[in-house]
Engineer: 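Structure incoming, see below.
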Amino acid sequence: MTLTRSQRADRLGRRLEELELWTVRRSQPLGDWTFNGDALAAGAPWPTRDGIAVFRHPDVEVPADWPLDETRLDLDLGGEGLLRLAYADGSEEGFGLDPNHRRFPLTGRRFTLSAECVARLPFGVPNRDARLAHARLAWIDRGLAEYCLLLRQLVETVRQLADHEAVEPMLDAGEKSLRQLDWPTETRNYVARVAPGRQMQSVWQLPAGLASDPDGLDEAGRASVDKANKSLVADLESLRRRYPPTGALALTGHAHIDLAWLWPLAETRRKANRTFHTMVGLMDRHPEFRFNQSTAQLYAFLAEDDPALFARIKEKVASGQWEPIGAMWVEPDTNMPTGESFVRQLLYGQRYFERTFGRRHTVCWLPDCFGFSPALPQLLRLGGVDSFFTIKVNWSETNAMPFDLFWWEGLDGSRVLTHTFNNSAGGYNAEIGARALLETWRNFRDKHHHPESLLSFGFGDGGGGPTEEMLDRQRQFASFPVVPSLRPVNVAEWFTDAHKAVADDSDLPVWVGEMYLELHRATLTTQGRTKHLHRRAERALITAETVSCMAALLGAPIAGSLEDQWRLVLRNQFHDILPGSSIREVYEQSEAELTSVVEAGDAVIADQLSKIAGALATGGGEPGMLVVNPDLSPRPLRLEAEGGTALAGDATVPGVTAVVVGDVAPAPGLSVTERTVENAGVRVTLADDGTLASVFDKESGREALADRGNQIWAYVDKPRNWDAWDVEESYVEQGEEIAAAEISVTETGPHRAAITIVRRFRGSEIRQTIRLWANSARIDFKTDIDWHERRILLKARFPLAIRSDHATFECANGVIQRPTHRNTSWEQAKFEVAAHRFADLSEHGYGVALLNDGKYGHHALGNELGLSLLRSPVYPDPLADEGRQSFTYALFPHKGDWLSGGVLAEAEDLNRPLLSTPVEGGVGTSWTAVGVSGIPLGLSGFKPAEDGNGMILRCYEPAGARGTAEVALPSGWRIDGEVDLLEDASGGAEFHFLPFKLHSWRIVQGG
Ligand SMILES: [Zn+2]
C-alpha cells in the first residue's frame, strides 16, 4: 500500500462525488408557479423583494410508476418561507423552507403548493438575487442515498480520527464496499449523469445532445449498492466491537430562534412558525427524535398565529418528544435586568408553561447570553429551577472556563447544577458529524464526574432546527467504532440523571459568583436609549405595584396584575435586544414598547397616589403635598414637584411611607458661581475645561478627587469583530479628552443649584448640567447628548483620592466586588464590567460612589472609576446611539462603606425620586405602609399576589450581612407566611436574613 491514510480518504471522497450524481433516479420540473397571483417562470427573479411573497402552484401529481416513499419535493424559491402542501384527500402539511431545509417528503400523490416567503436568508441577510431557483419532484434512490451518507460519514470520521488505529481498518472497509459496486459505464448515459458534477462543470464545452433525464441505476446496480452498504455496516459494527465508542453524548434537538436580532420581531413569529412545522413533521417520521424549545413568549405568539400547529405541539409535548424548557418568559440578558425582573421572567414563564403544558421547568436554558449574574442561582432555586445550561462561557477569549459540569454557587451560597459543552462545529447549533461528536466528547473536562455530556443539534440562531439528514446520521453512527455513543434525551431528564450521578460526589467543582464573559463587553453600553428606557420601565412597574399595595393597605381594592406590562419589559430583555446587538427596526419597536410601559406605570402611580392622598388628606385647611417614598431606605426630602420646582428640605422620609408636607424650607448653605457650587456638605470647584478640579467633603474634611473629575473622553472604538458587541482593551490607546466650550450658571437655589457645561466634539454636542441639591453631597451630571459620530466610545472618568484593591458594583439583588488591579489574566480581562445603579470605591472609613440612572458599562482601575456613556457602532445598526439621548449619573462622596454611607438610598433616589401629588389638608400626617427595621434591606418588589389573595412583599439583604428584620404592618393586616418566587407557600416566615438572601412574604387582611 503506497497511499497514505489521508490519500486513501481523499480517494473515497472522490468516489463518493461520483456516486452522489446517481442518487436522483428521475426528476420532473414544477413550472406552473404564480408569485403574488402573477405567473413566474422557473429561474426568474422575484418581481419584488419587498414584504411577504406568496407562491402558488396548482395540482401536482406524482408519476404513477414512482414509489411515494422515494419521492421528494426539491424546492428553492429564493428566500426563507413556510411551505404548505394541500393534498387531494384534504390533509395538509407545513414545512419550513430555508437553505438548510429544501427537500421534503410527501404523504400523498396529488397536492397543491403554496408558500409565504421573504427575500431573506436565515440571518436576516437580504437575498439580493431572489429568484425561483429550483422546483421539482425527485425520485430518490434511497438505497444509494443511504450508502452515500454512510460513506461520507466514514470519510469525515477517519479524517477526524487521524492517527487512531481504527482508521486503517475503517478505510479498508470503505474500499472493500466500493469494490462490490456494479456501476454503469455506457458513455452516453454516464456523461449525462456526471455532467452536473463539479469537475464536468469546469470543462470548456460538454458534448452536445446530452440526455436531460439520464437513467438511474438498474436493478443489478441497486442490488450491488445494497450489498456494498450491508458490507460496510457489518464491517463497521465488527470494528465497533474492537474499538468501542469513546464516551457518550445525549442529543437534544434545538433551533435557537433569537427573539429579535438581525430581523424584527414580526419575522421571528414567522421563523418560529416555519421551524415548528418542520419539527412536528420530523417527530411524526422519527419517533425517537427529541427537541427542546424555550421561551414562553414564542409559544404565546404561536398560539395566536397558528392555533392548529400549536395544538399539534401540545400533542408532541404530551408524548414527550417536544420539550418546553427554560422556565423563563424569554432567554434574557443576565447582566442588566434588576432582581425583580428575573423574578418575573421566572414567575410569568413558569406560570405560562404550567398553564399551557401542565408542567413547570427545572432547567434554566440560556445557551447564548453574554455573562451570568451571581444573583441567578438563588433566584432560580426560589423559582423551582435546580439546573442551568449555557455554552456561552466557552466564548471567553482570554481564560478558559475550567469546568463544564459543576455547581454554580451564587452570591448567597445557593447552588445550581450547571453544564456546558464546547463544540466548535456550530456550538449549540451543532451539526451531527464526526467532528462535533468527537470534539464535544474530547473537550468534556468533567467526564470523570459523569459519563455523558449533552449536545444540542440543529440549525439555529435564525431558527431552522434539525434536518432529516441529521437524524439519519445519528442512526448510522450507532454502527461506528470509536465515535461516542448517542442517545436522544429530554434535557430535564439528562439533568435528573446528572444530579443523581453527582449527589455524593464531593469533588464536583464549584464555580462561585459571577460567570463573566471575556467578550461582548460593549453590550453593556450599545443602544443607550433602549437601556435607559429599560431601567425606567423596570422602576416604573416596581413603583406602580408598590404604590398600589400602599393604597391597598389604606383600604383601596388590591390592584390587578401588571403582567401584560411586565411581559413587554421581559421581552425587551431578550439577549440581543437589551444588549444592543440587533438591527435598527428592533430598537424602533423596543423604544416604543418600553416608552409605553413607562407611561402605563406612571399612570398607575398617579392613580394610586390620588387614592393614598384621598385617604390621608383631611380636606380643607392648608394645601399640602403628599410625598411618597416607594423604597425601603429612608431618604432626605428631595424631589421635583409639579412644574419642575426643586425641593430639598431638612426632613427625612422613611421607607414605604407617605407624608403630607406644607411649605418645604430649603436645607441651608447652598451657593453657586460659574466655578463653584457648594452646600453644607460639599464644595465643588470647576476647572476652566469644565472638569471638576475639586470635590471637597466638608463634613469629613477631605478631598474626594485625586485628579480632575468628570473627564469626558472620546475613544476610537473599532473592535476586530462583533461591532455592536465588543470593545477591545486597546480602546484607551487612541482617545481625546473633550473640553468645555461654554460654562454657565443655570440654577441658583435655594433648593438646588446648577452649572451647565457644553462640550462639542466634531458634529456632536454634550450638554451637562452639574446639579447640587441643598441636602445632599451627591453631585448630579444631568446629561443631554446630540450625537452624530460613528465608532466612538464616550466615557466619563473620575480619578479618586481612594486606595482600595477592589471596587463594589451593584448587581441584581446585591453587589459584586471586583479587583481594581490587573495582577492576573482573569483580572486583565475585566477591563469593562457591569454595574446596575452604582459602582463604589471605598477604603476604610470613606468612599466615593459613581451612580447612574440607566447605564451599565463601567471600569475600575487603580483609583479610577469610569462610566461608558455611549458608543456608536455601525453593525448591525448603522445608526446605533445616533441622535439625542438623556441620562444622569452622579458622584457621591460618603463616609463609611457604600451601604452605611447611604449609597443605596442615593441610587434609589436617582433612579426613582420621591413621588408627590398636591393634597388638601393633612399637613404633618405621616403614614408608614410597611415599617422595616433591624438589618438594612433592599426592596425587590411589593406587588399584588397573582392569585388575588393579598400582596407579596419581597426584600433582600444587599451587602453581604446577616441579621434580623422586623416588619410592621398597619393594623388589620398580617404576614401570612413566606412564599417562593412562584408565590407558593414555602412554610413558616423567616425574618432572619443571611448574606444576600431574598425573602418573600404574603400579606393578607386579618388581625
Ligand atoms: Zn441567541
Side-chain angles (χ1 to χ4, degrees), residues 247-254 290-294 317 320 323-328 331 334 342 346 349-350 353-354 357-367 369 372-394 401-422 428 440-441 443-456 484-513 515 980-982 984 986-987:
L249 296 172
L251 298 179
T252 173
H254 185 45
R290 296 286 181 276
F291 175 74
N292 83 72
Q293 177 61 54
S294 71
V317 173
E323 183 185 19
I325 197 173
M328 290 186 172
E331 292 177 12
T334 88
F342 290 127
L346 289 160
Q350 291 278 42
F353 286 118
E354 184 171 38
F357 302 113
R359 196 177 300 174
R360 293 177 183 172
H361 298 164
T362 56
V363 181
C364 181
W365 179 265
L366 298 178
C369 300
F372 300 93
S373 169
L376 277 179
Q378 177 180 208
L379 294 166
L380 293 174
R381 293 305 290 236
L382 291 172
V385 173
D386 62 9
S387 306
F388 183 77
F389 176 82
T390 185
I391 72 150
K392 205 69 177 191
V393 288
N394 294 316
M401 188 76 183
F403 319 125
D404 42 25
L405 181 66
F406 56 101
W407 293 112
W408 179 25
E409 182 175 299
L411 282 177
D412 71 314
S414 296
R415 289 179 173 185
V416 285
L417 185 62
T418 298
H419 182 45
T420 78
F421 62 78
N422 191 351
Y428 50 75
T440 302
W441 180 255
N443 292 341
F444 182 28
R445 282 154 296 196
D446 290 310
K447 46 171 81 85
H448 54 297
H449 294 288
H450 187 52
E452 187 179 57
S453 172
L454 269 179
L455 180 65
S456 59
S485 68
L486 307 177
R487 70 173 180 124
V489 292
N490 286 332
V491 176
E493 289 164 11
W494 186 88
F495 270 103
T496 301
D497 290 347
H499 273 280
K500 281 184 199 145
V502 305
D504 300 319
D505 185 347
S506 55
D507 292 334
L508 194 71
V510 181
W511 180 269
V512 177
M515 286 196 276
D980 61 19
L981 303 189
L982 310 181
D984 291 334
S986 52

Engineer: Indicate yes or no: at least one non-hydrogen side-chain atom of Trp407 is less than 4.5 angstrom from one of Val416.
Structural biologist: no

Engineer: Got a second to check how far Leu455's CG is from Leu251's CG, nearest 0.5 Å?
Structural biologist: 5.5 Å

Engineer: Tell me the closest heavy-atom pair linking Val502 and His449, and the distance in Å.
Structural biologist: CG1-O, 4.1 Å

Engineer: Check whether any side-chain heavy atom of Asn394 sits under 4.5 Å from a side-chain heavy atom of Met401, and report yes or no.
Structural biologist: yes

Engineer: Please report the shortest heavy-atom distance between Gly320 and Asn490, naming the atom on each side.
Structural biologist: O-ND2, 3.2 Å

Engineer: Quickly, which of Leu982, Leu346, Leu981 forms a side-chain contact (heavy atoms from CB on, under 4.5 Å) with Leu382? Name it, please.
Structural biologist: Leu981

Engineer: Please report the interatomic distance CG(Asp446) to CG(Leu405), rounded to the nearest 0.5 Å.
Structural biologist: 5.5 Å

Engineer: Please assess Asn422 against Asp404 for the test side-chain contact (heavy atoms from CB on, under 4.5 Å), listing each intermediate value before the final yes or no.
Structural biologist: CA-CA 8 Å; Asn422 191 351; Asp404 42 25; over 6 Å; no

Engineer: Using a cut-off of 6.0 Å, state whether more than 12 heavy atoms not belonging to Arg359 lie near its atom CZ.
Structural biologist: no

Engineer: How close do Pro377 and Ser414 get, counting heavy atoms only, and between which atoms?
Structural biologist: CB-O, 3.4 Å

Engineer: What heavy-atom pair brings Ala248 and Pro484 nearest, and what distance separates the two atoms?
Structural biologist: N-CB, 4.1 Å

Engineer: Does some side-chain heavy atom of Arg445 sit less than 4.5 Å from a side-chain heavy atom of Pro509?
Structural biologist: no

Engineer: Taking all non-hydrogen atoms of both residues, which atom of Ala327 and which atom of Val385 are closest, and how far apart?
Structural biologist: CB-CG2, 3.7 Å

Engineer: Taking 4.0 angstrom as the limit, do Lys447 and Glu452 come out as a salt bridge?
Structural biologist: no

Engineer: Under 6.0 Å between ring centres, would you say that holds for Trp365 and Phe389?
Structural biologist: yes

Engineer: For the pair Glu323 (side chain) and Val491 (backbone), establish whether a donor and an acceptor sit closer than 3.5 Å, ignoring hydrogens and angles.
Structural biologist: yes

Engineer: If you look at every heavy atom in Phe495 and Leu417, which pair is closest and at what distance?
Structural biologist: CE2-O, 3.6 Å

Engineer: Do Val317 and Pro324 come within less than 4.5 Å of each other through their side chains, counting heavy atoms only?
Structural biologist: yes

Engineer: Tell me, do Gln350 and His361 make a side-chain contact under 4.5 Å, heavy atoms counted?
Structural biologist: yes

Engineer: With a 3.5 Å distance limit and no angle check, can you tell me whether Ser387 reaches the backbone of Val363 through a side-chain donor-acceptor pair?
Structural biologist: no

Engineer: Can you tell me how far apart CE (Met328) and CZ (Phe353) are? Round to the nearest 0.5 Å.
Structural biologist: 11.0 Å

Engineer: I need the Leu454 CG to Phe421 CZ distance, nearest 0.5 Å.
Structural biologist: 7.5 Å

Engineer: What's the separation between atom CG in Leu379 and atom CG in Asp980, rounded to the nearest 0.5 Å?
Structural biologist: 12.0 Å

Engineer: If you measure from CD1 on Ile391 to SG on Cys369, what distance do you get to the nearest 0.5 Å?
Structural biologist: 11.5 Å

Engineer: Are any of the side-chain heavy atoms of Thr418 and Trp511 separated by less than 4.5 Å?
Structural biologist: no

Engineer: Side chain of Asn292, backbone of Thr252: donor and acceptor closer than 3.5 Å?
Structural biologist: no

Engineer: Can the ring centres of Trp408 and His419 be said to be less than 6.0 Å apart?
Structural biologist: no

Engineer: Tell me every residue that passes side chain to side chain contact (heavy atoms under 4.5 Å, CB included) with Val512, counting only those two or more places apart in sequence or in another chain.
Structural biologist: Glu409, Val510

Engineer: Suppose we call two aromatic rings close when their centres sit under 6.0 Å apart. Are Trp494 and His499 close by that rule?
Structural biologist: no

Engineer: With side-chain contact (heavy atoms from CB on, under 4.5 Å) as the test, would you mind laying out the steps for Phe342 and Thr334 before giving the verdict?
Structural biologist: CA-CA 8 Å; Phe342 290 127; Thr334 88; 3.8 Å; yes

Engineer: Would you say Pro374 and Met515 make side-chain contact, with heavy atoms under 4.5 Å?
Structural biologist: no

Engineer: Would you call Leu380 and Asp386 a side-chain contact if the rule is heavy atoms closer than 4.5 Å?
Structural biologist: no

Engineer: Test of understanding: with salt bridge (Lys or Arg N to Asp or Glu O under 4.0 Å), list the residues that count as partners of Glu354, not counting sequence neighbours.
Structural biologist: Arg360

